[in-house]
Amino acid sequence: QVQLVESGGGLVQAGGSLILSCAASGRTFSNYHMAWFRQAPGKEREFVATISWSGGTTYYTDPVKGRFTISRDNAKNTVYLQMNSLKPEDTAVYYCAAAATVITTIVASRYDYWGQGTQVAVSS
């Protein structure tokens with residue numbers, strides 16, 4: 001089992017920044033690819049960013065490219081999502097997830113463990 005706890009969400013004005021953190025406990029964190037997903041009200045959960053177990057490979061959904069950065073610190077068992085130039089359409093509950101797959105994936109069903117989510121609200 002891997003337990004994931006997100007933090008860092010909040011209310012921010014458009015153009016502002018937030019850093020989300022996801023602390024992991026349980027099994028060896030560095031064995032897992034990690035990702036961030038988000039779910040806006042009335043919408044399906046969508047992929048945001050993923051990072052390989054080593055941190056060497058990252059991938060982003062197009063709407064956040066150039067604005068968001070995913071990173072991880074395996075010594076601290078933590079994955080981060082730096083969010084800059086936030087837009088109202090970024091408003092959602094953000095979830096981190098862990099996958100024991102061979103390669104990184106953007107498919108939510110391939111992720112084995114999920115956090116409880118942290119709310120991000122961006123005002124215009």
Side-chain angles (χ1 to χ4, degrees):
Q1 289 284 344
V2 175
Q3 293 78 43
L4 302 173
V5 179
E6 302 97 334
S7 61
L11 174 64
V12 64
Q13 290 187 330
S17 298
L18 282 174
I19 302 176
L20 304 184
S21 299
C22 174
S25 61
R27 293 186 177 179
T28 304
F29 177 70
S30 59
N31 287 348
Y32 293 86
H33 304 306
M34 300 296 297
W36 289 94
F37 289 78
R38 66 186 180 186
Q39 187 167 18
K43 295 187 178 181
E44 294 187 354
R45 189 171 300 189
E46 65 173 356
F47 167 79
V48 176
T50 186
I51 187 166
S52 61
W53 64 269
S54 68
T57 300
T58 59
Y59 183 76
Y60 301 88
T61 187
D62 283 346
V64 309
K65 284 181 180 177
R67 299 189 298 122
F68 291 11
T69 302
I70 189 171
S71 62
R72 65 190 296 163
D73 185 336
N74 286 344
K76 295 182 178 180
N77 291 349
T78 303
V79 63
Y80 305 95
L81 186 67
Q82 171 74 53
M83 305 186 294
N84 298 328
S85 302
L86 283 161
K87 304 176 181 180
E89 51 264 43
D90 294 318
T91 295
V93 177
Y94 283 71
Y95 299 89
C96 71
T101 52
V102 174
I103 59 174
T104 56
T105 177
I106 68 171
V107 179
S109 62
R110 299 299 306 276
Y111 283 82
D112 305 289
Y113 303 102
W114 292 83
Q116 83 290 347
T118 185
Q119 176 72 53
V120 172
V122 184
S123 63
S124 58

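On a predicted model such as this, the values are computed, not experimentally measured, just so you know.
Closest approach of Thr78 to Ala23, counting heavy atoms only: OG1-CA, 4.2 Å. Closest non-hydrogen pair, Cys22 versus Met34, comes out as SG-CE, 4.4 Å. Residues Ser71 and Val79 come closest through the heavy atom pair O-CG2, 3.1 Å. Closest approach of Arg110 to Ala99, counting heavy atoms only: O-CB, 3.7 Å. Closest approach of Asn74 to Ser30, counting heavy atoms only: ND2-CB, 3.6 Å. The shortest heavy-atom contact between Ser124 and Pro88 is CB-CG, 3.8 Å.
Note on Lys65 versus Asp62: salt bridge recorded, some NZ/NE/NH1/NH2 to OD/OE distance being below 4.0 Å.
No side-chain donor-acceptor contact under 3.5 Å links Asp90 to the backbone of Val120. For the pair His33 (side chain) and Thr101 (backbone), a donor-acceptor distance under 3.5 Å is present. Using modelled atom types, no side-chain atom of Ser21 and backbone atom of Tyr80 make a donor-acceptor pair closer than 3.5 Å. Side chain of Glu6 to main chain of Leu20: no donor-acceptor pair is present (N/O by atom type, distance under 3.5 Å, no hydrogens or angles). Between the Tyr111 side chain and the Thr105 main chain, a donor and an acceptor come within less than 3.5 Å of each other. Of the possible polar contacts, none joining the Gln116 side chain to the Val5 backbone as a donor-acceptor pair under 3.5 Å is found. Checking side-chain atoms of Thr118 against main-chain N and O of Tyr94 turns up no donor-acceptor pair under 3.5 Å.
Atom CD1 of residue Ile70 and atom OG1 of residue Thr50 lie 5.5 Å apart, to the nearest 0.5 angstrom. Separating the CZ atom in Arg72 from the CH2 atom in Trp53 is a distance of 9.0 Å, to the nearest 0.5 Å. Considering CD of Gln119 and OG1 of Thr91, their distance stands at 7.5 Å, rounded to 0.5 Å. Atoms CZ and OH, on Phe47 and Tyr60 in that order, are 9.0 Å from each other to the nearest 0.5 Å.
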* To do: Carefully, step by step, assess Phe68 and Thr61 under the rule side chain to side chain contact (heavy atoms under 4.5 Å, CB included).
  => CA-CA 10 Å; Phe68 291 11; Thr61 187; over 6 Å; no
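Each of Thr58, Thr104, Leu81, Thr57 was checked for a side chain to side chain contact (heavy atoms under 4.5 Å, CB included) with Ile51, and the lone residue meeting it is Thr58.
For Trp114 and Phe37, the distance between ring centers is under 6.0 angstrom.
If you chain together hydrophobic residues whose side chains sit under 4.5 Å apart, Trp36 and Tyr113 fall into the same group.
Within 6.0 Å of CZ in Arg27 there are 12 or fewer heavy atoms belonging to other residues, nucleotides or ligands. Counting non-hydrogen atoms of other residues, nucleotides and ligands closer than 6.0 Å to CZ of Arg67 gives a total above 12.
Inter-residue side-chain proximity for Val64 and Arg38 is flagged as met; some heavy-atom pair is nearer than 4.5 Å. In this structure, the side chains of Tyr95 and Leu4 stay at 4.5 Å or more apart for every pair of heavy atoms.
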